[in-house]
Amino acid sequence: MTKVWKRTYTYYFLLPAAIIYLIIFILPTFMSFFFSMTRWTLQDWSYIGFDNFKTFFQESSLNIGFQNTFVYAAVTCAFKVVFGLLLGVFLTSKIRTKNYLRSVVFFPTLVSTIAVGIAFSTLMHPTEGLINTTLAFFGISGPDWLGDTRIALLSVAFVDIWKGIGFATVIYIAGIMSIPEEYYEALQIDGGNSWHKFWNIILPLSRSATNSVIILAFIGGLRSFDILWPMTRGGPGFATDVIASIIYKQYQAGFYGLATAGNVILFLFVSVLAFPLSHYLNRREVNL
Amino acid sequence: MIRNLRRFSLEFGAVLASIVIFWVPLYFVFVNAMKDARGASLRSMAWPTSNHLWSNVKEVIQSRDYMLVRAFVNSTTLTLLSIALLLIVCAMAGFVMQRRSDRATPWISFFVLAGLIIPPAIVPTIWVLDKLHLFKTMLGLILVEVALAFPFGVLLYRGFMGAIPREIDEAAVVDGCGGPRLFFRIIFPLLKPVNATIIVTSSVAIFNDFTNPLYFFPGSKNATVQLTLYNYMSQFVSQFNLLYTNILLITLPPLVLFIFFNKKIVAGITAGAVKG
C-alpha cells in the first residue's frame, strides 16, 4: 500500500470505535477471567482460585442452567429454522395477501420483550388464561404452562419462537428471493413438481440464509434472558433457570465473583458450541 | 380449478391463522387496557362494558410521580444519542476496515466479529463504568449500547462499502481530498441505505432493550420505559388494567415506526442478511 493510501485510510478513523469498544467490551471480557477467581465486592477482592467454578459445578441449583440453556437454545433454534423456512417459502410464492402476512409475521419482532412476556404469562394462566379456556371449550384440560416444572421451559421457548419467527422469516425471504430464475426454468423444462422445487432448489440454495438463522438463533438462545426473566424468574424451582438468569441472580445477591464466573462459563459454553458450528456451516456453504 | 381452490383455501387458512396467532394477543392487551381493575382481573377477551382507557392512561402516567414520563424522556434520549454515535463510529471504522489490507486487519476483524458471539461480561463492565464515574449515568448506558451494537453495525457498513468503487476514492484524492474530507463529503452521503437500516433496526432494539438498562442504569430516577413496565409487574399485580395500559403506551413508538417504515425495515434487514 502506498503512502497516500495509508494516509487516506488512516487508522485514526478507528479511534472512536476502538476506544469505546476496547474499554466497554474487550477490557471487561479479559478482566472477567481474573475476577471470576476472586471473592469480590466491587471495591475489594481476594483471590480464591477456582472456588467459584467449583461452586458452580457442584451446586445443582447452579449447574441445572447448562442443560436448560442448551435445551432452550436448541428448541428455539430448531423451530425458528423450520417455521422460518416454511413461512419464507410460503411468503415468496404467488399469494395475494403476501404484504399483509409479511407485516403481521414481522410485527412481534418490534414489540417490547417485557410486554410480550407479561401478555403471554396472562394468556398461559392455568385456569383463567385464554389458552386453557379455549382448550377447555374443546373439552381438553390444558396444563399449567408456566407452573409445571416439566413444560415451563418449553412454554417460554414457545413465546420466544412466537416473537423471533419474523426475523428468521425475513432472512429466508431474502435468501429465497436471491435465487436466480434460471434454476426454476430449468426445473420446469425437466418436468419437476413443486416438491422438487423445494427439495432440489430452494433448500440447497437458501443455505446461507439457513446458516444465518441457525447461528443467530442459537447464539441468541444460549444468551437469552430478557424473555425468560419477566415470565418465570427462573422458576418454578429452578426449572427455567438458564446461565444468564443465574448470573443475574448471583449479581443481585451480591456474589459478584460468582456472577463473573458464570459469565466466563457462559463465554466458554457459547464459544465451544458456536465457533465450531459456524465453522462447519460456512465450510458447507454453496456459492450462487 | 381444483388447484385454484386449493391455493385459495391455503391462503384463507394462513390469514385465519395469522389472526389467531398474532392479532389475538394484541387484541387481548388492548381490550384489557380499556377495562377497570375488576374487569381486567378476569383475564377475559370480552369487550369492556364501559371504556376506562382514558382514566387508565391518566393513572399510569401520574403514578409514582410521573415516572413514565421521565422514562419516556430517558428512553428517547438514550435511543437518539446511541444511534447518532453508533452511525458515526461504525461508518468510520467500517470504511477503514473495508479499504485497508495489511497485517493488522485480520486481527482487527477477528476482535470485532468476536463481539457478535461473546456474551458481555457484566459485572466487570459495571466495575469499569464505576471507575470512570459512568455507572448509573445516561452516558454510561449509551456507551454500552454503542459498544454492543458496534460489531453488527460494522458488518453492515463493510458489506455495503465493498460495493462503492475505489475509483471514487482515487478521483477524490487526485482532486486533493484528504482522508477525512473524502469520507465525510463523498463516502458518507453514499451510505444512506445502510444508515436507514441501522437507524430503524437499532432504534427498535435500543428502545426495547431491557437487560442493559437493568444492569447499567438502575435506580428509580433513571428508569427507561422497559424498566417501568418491569417494575409495575410487582406494583400493579392486582391492577392488570394499568399493566396493559402501560404495555399499550410503550408499544406505541415502535408501532408508529413500524407503520411508517414497514417496507424499509424488511428491505433493510434483507439487504443486511444476504451480505452478513
Side-chain angles (χ1 to χ4, degrees), chain A residues 1 4 7-11 13-14 16-17 20-21 23-29 31-32 35 42 90 95-97 101-104 106-108 110-115 118-119 122-123 125 128-130 170-171 173-174 178 212 219 223 225-226 230 247 251 256 259-260 263 266-267 270 274, chain B residues 11 14-15 18 22 25 28-29 42-43 45 88-90 92-93 95-96 99-100 102 111 115 117-125 127-128 130 143-144 146-148 150 169 173 178-179 182-183 204 208 210-211 226 229-230 233 240 243 247 250-251 254 258 262 265-266 269-270 273-274 276:
Chain A
M1 204 153 48
V4 179
R7 227 173 352 166
T8 311
Y9 306 134
T10 157
Y11 272 137
F13 264 56
L14 284 179
I20 296 174
Y21 191 62
I23 294 179
I24 307 289
F25 185 76
I26 302 280
L27 178 67
T29 302
M31 278 181 16
S32 65
F35 281 122
L42 284 185
F90 184 62
I95 52 170
R96 256 167 296 174
T97 46
L101 285 173
R102 279 188 191 183
S103 308
V104 162
F106 189 68
F107 180 69
L110 299 174
V111 184
S112 132
T113 334
I114 306 289
I118 292 173
T122 318
L123 296 172
H125 189 277
E128 293 165 6
L130 187 66
V170 169
I171 294 179
I173 289 174
S178 68
S212 302
I219 295 172
R223 291 161 58 164
F225 169 74
D226 57 357
I247 293 171
Y251 161 74
Y256 299 125
T260 307
N263 241 135
L266 182 60
F267 169 91
V270 173
Chain B
E11 204 169 331
V15 173
S18 81
F22 295 105
F28 179 80
V29 169
L42 299 173
R43 298 183 171 90
M45 285 273 287
I88 295 173
V89 158
C90 289
M92 284 170 71
F95 174 61
V96 174
R99 289 300 203 240
R100 263 186 104 121
D102 52 37
F111 272 104
I117 295 180
I118 298 171
I122 291 148
V123 194
T125 310
W127 188 77
V128 168
D130 196 41
L143 292 178
V144 169
V146 171
L148 296 185
F150 168 70
D169 304 13
V173 169
L182 163 68
F183 177 75
V204 172
N208 282 341
F210 162 66
T211 315
Q226 308 304 323
L229 187 53
Y230 177 67
M233 271 173 70
F240 278 109
L243 203 57
I247 292 182
I250 73 165
T251 309
F258 178 64
N262 183 8
I265 295 172
V266 177
I269 292 175
T270 309
V274 175

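Throughout, protein chains are lettered first and strands after them, A, B, ... in sequence-line order, and every chain is numbered starting at 1. Values below: every heavy atom of this structure, side chains too, minus hydrogens, waters and symmetry copies.
Contact count versus chain B (heavy atoms, under 4.5 Å) is highest, among A:Ala274, A:Ala17, A:Gly129, A:Pro108, for A:Ala17. Highest contact tally toward chain A, considering only B:Ala121, B:Pro254, B:Gly178, B:Pro119, is held by B:Pro119 [criterion: heavy-atom pairs under 4.5 Å]. Heavy-atom pairs under 4.5 Å with chain B were tallied for A:Val270, A:Leu27, A:Val104; the largest tally goes to A:Val104. Across B:Asp130, B:Val15, B:Leu182, the residue that shares the most heavy-atom pairs under 4.5 angstrom with chain A is B:Val15. When B:Val89, B:Val29, B:Val96 are compared by the number of non-hydrogen pairs under 4.5 Å with chain A, B:Val96 comes out ahead. Contact tally against chain A (heavy-atom pairs below 4.5 Å) for B:Ile118, B:Thr251, B:Thr211: the top residue is B:Ile118. The residue among A:Leu42, A:Ile26, A:Thr29 with the most heavy atom pairs within less than 4.5 Å of chain B is A:Leu42.
Between the CG atom in A:Leu101 and the CD1 atom in A:Ile95 there is a gap of 5.0 Å [rounded to 0.5 Å]. Rounded to the nearest 0.5 angstrom, A:Leu266 CG and A:Arg223 CZ are separated by 7.5 Å. Distance CZ/A:Phe267 to OG1/A:Thr260: 14.0 Å, rounded to 0.5 Å. Within the model, atoms OG1 of A:Thr10 and CZ of B:Arg100 stand 7.0 Å from one another, a figure rounded to the nearest 0.5 Å.
Both the backbone and the side chain of B:Ile122 have a heavy atom closer than 4.5 Å to some heavy atom of chain A. When heavy atoms are compared at a cutoff of 4.5 Å, A:Ile20 approaches chain B by way of both its backbone and its side chain. For chain B, the nearby parts of A:Tyr11 are the backbone and the side chain; heavy atoms of each come within less than 4.5 Å. For A:Tyr251, the part lying near chain B is the side chain, with the backbone staying farther off; criterion is any non-hydrogen pair under 4.5 Å. Only the side chain of B:Phe150 comes within contact range of chain A, with heavy atoms under 4.5 Å apart. The contact between A:Thr97 and chain B is made by backbone and side chain atoms together, counting heavy-atom distances below 4.5 Å. The contact between B:Leu148 and chain A is made entirely by side chain atoms (from C-beta outward), counting heavy-atom distances below 4.5 Å. With a threshold of 4.5 angstrom between heavy atoms, B:Val123 approaches chain A through its backbone and through its side chain.
Taking B:Phe28 as the reference, B:Tyr244 meet the ring-ring contact (aromatic ring centres under 6.0 Å, His included) condition, with sequence neighbours excluded. Applying the ring-ring contact (aromatic ring centres under 6.0 Å, His included) rule to B:Phe22 yields the partners A:Trp162; only residues at least two apart in sequence or on another chain are considered.
A perpendicular orientation is assigned to the rings of A:Phe13 and B:Phe183, their planes being inclined by more than 60° (bins at 30° and 60°). A parallel orientation is assigned to the rings of A:Phe225 and B:Phe210, their planes being inclined by less than 30° (bins at 30° and 60°).
Defined by atom type and a distance below 3.5 Å, a donor-acceptor pair is missing between the side-chain atoms of A:Tyr9 and B:Asp102.
A donor-acceptor pair is defined here as one N or O able to donate and one able to accept, closer than 3.5 Å; no such pair exists between the side chain of B:Asn208 and the backbone of A:Thr113.
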